[in-house]
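Heads up: the structure comes next, in structure tokens.
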Amino acid sequence: MNLKFFGAAALLCGLMSPLSAMPFDPLIGTWKVIDDRTGYYVSDIVIRKNSKTQQYSAVITKNRPLPGAPSSEVCSKCQGALKNQPILGMEALKGLVAGSSNKQFSQGIWVNPQDGHLYTIDASLNLAGDQMKVYGKAKNANAVSTMTWKKHTDM
């Protein structure tokens, strides 16, 4: 009986040790996007990381128009190939790269379905890893955007 118990315990420890050796990536997961100007929760995004390029990207999984704005299922204000494309499932973030501390991020391109602009973004993660301040400057317009992304904890 004890031999079976110790064998099962050894097997369990052996299976868990590779998991503990894997580094934790604070960005991967689902985030709520909050527009800092209005304080309104505008969307949920799921961030993933390309293992080859080490760049982060994100797709929109939930979209909420700003109060008073018409509800739209397509990005009517977007330009080029994204014009009138569905917002749900849209790749809204591309090319975000982590700095050496894994708390600072840069070089990302953010598509804002609310105004259709493409923003070059930089971001900084808080110490707890559950909130990120995102600063964006529009590429072809005189617009600046600040957002707070809050990590979903109920997943």
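Looking at every heavy atom in both residues, Ser106 comes nearest to Asp122 through CB-OD1, 3.1 Å. Residue Ile47 comes nearest to Ala58 through the heavy atom pair CG1-CB, 3.8 Å, listed as atom of the first residue, atom of the second, then distance. In terms of heavy-atom proximity, Cys75 sits nearest to Pro113 at SG-CA, 3.8 Å. Of all the heavy atoms in Glu91 and Val59, the pair that sits closest is CA-CG1, 4.0 Å. Heavy-atom minimum distance, Trp31 versus Pro26: CZ2-O, 3.5 Å. Contact record, Gln79 with Lys77: NE2-O, 3.4 Å, taken as the closest heavy-atom pair.
In this structure the side chain of Ser76 reaches within 4.5 angstrom of the side chain of Asn84, judged on heavy atoms. In this structure the side chain of Ser57 reaches within 4.5 angstrom of the side chain of Arg48, judged on heavy atoms. Within the 4.5 Å cutoff, the side chain of Cys78 has heavy atoms near those of the Val111 side chain. Contact of the Asn63 side chain with the Gln114 side chain is registered, since non-hydrogen atoms from C-beta on lie closer than 4.5 Å.
Note that the CG atom of Leu96 and the CD1 atom of Ile109 stand 10.0 Å from one another [nearest 0.5 Å]. To the nearest 0.5 Å, the span separating OH on Tyr119 from CE on Met147 amounts to 8.5 Å. Expressed to the nearest 0.5 Å, how far OG of Ser145 lies from CD1 of Ile121 amounts to 9.0 Å. If you take CG on Asn112 and CG on Leu118, they are separated by 10.0 Å, rounding to the nearest 0.5 Å.
Applying the 6.0 Å contact sphere to CD of Glu73 captures no more than 12 heavy atoms from other residues, nucleotides or ligands. Taking a 6.0 Å sphere around NZ of Lys49, one finds it holds more than 12 heavy atoms contributed by other residues, nucleotides or ligands.
Leu27 and Val33 fall within the same hydrophobic cluster, defined by Ile, Leu, Val, Met, Phe, Trp and Tyr side-chain heavy atoms under 4.5 Å apart, directly or through other members. Neither Ile60 nor Ile34 shares a network with the other; the hydrophobic side chains, linked directly or stepwise wherever heavy atoms of I, L, V, M, F, W or Y lie under 4.5 Å apart, form separate groups for each.
Between Trp149 and Trp110, the angle of the ring planes lies from 30° to 60°, which puts this pair in the tilted group.
Under the rule for a side chain to side chain contact (heavy atoms under 4.5 Å, CB included), the partners of Ser101 that lie at least two apart in sequence or sit in another chain are Lys103, Gln104.
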Distance-only donor-acceptor pairs under 3.5 Å for side chains of residues 123-138, two or more places apart:
from	atom 1	to	atom 2	distance (Å)
Asn126	OD1	Gly129	N	2.8
Asn126	OD1	Asp130	N	3.0
Asn126	OD1	Gln131	N	3.2
Asn126	ND2	Asp130	OD1	2.7
Lys133	NZ	Asp36	OD2	2.8
Lys133	NZ	Thr148	OG1	3.1

Name every donor-acceptor pair, under 3.5 Å, that has one atom in a side chain of residues 38-46 and the other anywhere in the protein, sequence neighbours excluded.
from	atom 1	to	atom 2	distance (Å)
Thr38	OG1	Tyr40	N	3.2
Tyr40	OH	Arg64	NH2	2.9
Tyr41	OH	Asp44	OD1	2.7
Tyr41	OH	Asp44	OD2	3.3
Asp44	OD1	His152	NE2	3.3
Asp44	OD2	His152	NE2	3.4

